[in-house]
Enquirer: 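My structure is below; once you've seen it, I'll send some questions.
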Amino acid sequence: MTAHALQPALPGYESMRRVWHHAHQCYGARIMPGEYYVTKHDELIATTLGSCVSACIRDPSTGIGGMNHFMLPADDRQDLSVYDMSARYGNFAMEHMINDILKHGGRRERLEVKVFGGGNVLPTMTEIGTKNIHFVREYLSTEGFRISAEDLGGDSPRKVIYFPATGKVLMQRVKLSRRDEQEITRKEMEYQRSLESKPIAGDIDLF
């Protein structure tokens, strides 16, 4: 097997498209709103964030880790906590990914967490970014995880590239073209509408 051979994806991620990144000399997956990806290989995970938040989580001892990209459903409540019904969508985004990391060899007590995003960049959805930040901080605190690095808030989109094998993150606040900004807004609005139309499923427990 050559050094540039594409390694098999973990079970459940076989449909994720991965491409070779010449600049970083590795394969990588790009995730969209509502998605997450976990890997045990030396590859990158990339996304572009507006109001959404991404958590980058890994076990430094094994190199297994992943990144998600999520948003809470819009509502009129100001006091959002991990016990609110709407916040359970964020719980799923975090817990599904963490459980996959643990299932494939990660240890809960070793997990390293970095979080990004939550910009208030959607004019029709003000404060959504702020609510996402509040949720992810409270969730991680409640579950006993310490945030080792973060870049949250503001009003700019972010490009994030995460390397779970090393924990390295490349993060850039970007001034997008009007067309790119409209595309991010369109994707996040579609994601928001899908959340509003989905029933809330049952509880998930961390291993």
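Just so we're clear, the structure is a prediction, and the values are computed from it rather than from any experiment. Nothing fancy with the numbering, it's 1 onward along the sequence.
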Enquirer: Can you list everything that forms a ring-ring contact (aromatic ring centres under 6.0 Å, His included) with His21? Sequence neighbours excluded, please.
Expert: none
Enquirer: Looking at CZ of Phe145 and CD of Glu109, how far apart are the two atoms once the value is rounded to the nearest 0.5 Å?
Expert: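 Reported to 0.5 Å precision, the distance equals 9.5 Å.
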Enquirer: Show me the donor-acceptor pairs, under 3.5 Å and distance only, between side chains in residues 53-61 and residues at least two apart or in other chains.
Expert:
from  : atom 1 : to     : atom 2 : distance (Å)
Ser54 : OG     : Asn68  : O      : 2.6
Arg58 : NE     : Glu112 : OE1    : 2.9
Arg58 : NH1    : Pro164 : O      : 3.3
Arg58 : NH1    : Ala165 : O      : 3.1
Arg58 : NH2    : Thr166 : O      : 3.1
Asp59 : OD1    : Ser61  : N      : 2.9
Asp59 : OD1    : Arg110 : NE     : 2.9
Asp59 : OD2    : Arg107 : N      : 2.9
Asp59 : OD2    : Arg110 : NE     : 3.0
Asp59 : OD2    : Arg110 : NH2    : 2.7
Ser61 : OG     : Arg110 : NE     : 3.4

Enquirer: Enumerate the ring pair (Phe, Tyr, Trp, His ring centres under 6.0 Å) contacts for residues 40-69, please, sequence neighbours excluded, ordered by first and then second residue.
Expert: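 Every pair satisfying ring pair (Phe, Tyr, Trp, His ring centres under 6.0 Å) with a residue in residues 40-69: there are none.
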Enquirer: What's the separation between atom SG in Cys26 and atom CD in Gln7, rounded to the nearest 0.5 Å?
Expert: 12.0 Å
Enquirer: For the residue pair Tyr13 and Tyr36, does the interplanar ring angle fall in the parallel (under 30°), tilted (30 to 60°) or perpendicular (over 60°) class?
Expert: perpendicular
Enquirer: For the atom pair OG1 (Thr39) and CG (Asp100), what is the distance rounded to the nearest 0.5 Å?
Expert: 12.0 Å
Enquirer: Between Arg108 and Ile98, is there a side-chain heavy-atom distance shorter than 4.5 Å?
Expert: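 Side-chain contact under 4.5 Å: no.
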Enquirer: Any salt bridge (Lys or Arg N to Asp or Glu O under 4.0 Å) pairs touching residues 28-51, not counting sequence neighbours?
Expert: Arg18-Glu43
Enquirer: Report the residue from Arg137, Arg158, Lys114 that forms a salt bridge (charged side-chain N to carboxylate O under 4.0 Å, His left out) with Glu150.
Expert: Arg137
Enquirer: Is any side-chain heavy atom of Thr62 less than 4.5 Å from a side-chain heavy atom of Ile101?
Expert: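 No - every pair of side-chain heavy atoms lies 4.5 Å or more apart.
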Enquirer: Please identify each residue that fulfils ring-ring contact (aromatic ring centres under 6.0 Å, His included) with Phe70, with sequence neighbours left out.
Expert: Phe135
Enquirer: When rounded to the nearest 0.5 angstrom, what is the spacing between CE in Met97 and CG in Asn99?
Expert: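 Those atoms lie 10.5 Å apart.
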Enquirer: Are any of the side-chain heavy atoms of Ile147 and Leu140 separated by less than 4.5 Å?
Expert: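 The answer is yes; the side chains approach within 4.5 Å.
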Enquirer: Side chain of Asp151, backbone of Phe116: donor and acceptor closer than 3.5 Å?
Expert: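 It does not hold such a pair.
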Enquirer: Tell me every residue that passes side-chain contact (heavy atoms from CB on, under 4.5 Å) with Glu190, counting only those two or more places apart in sequence or in another chain.
Expert: Arg186, Arg193
Enquirer: Just how far is it from atom CG of Asn132 to atom CG of Leu72, taken to the nearest 0.5 Å?
Expert: 4.5 Å
Enquirer: Check Ile133, Thr130, Ile128 against Ser51 for a side-chain contact (heavy atoms from CB on, under 4.5 Å) and give me the one that passes.
Expert: Ile128
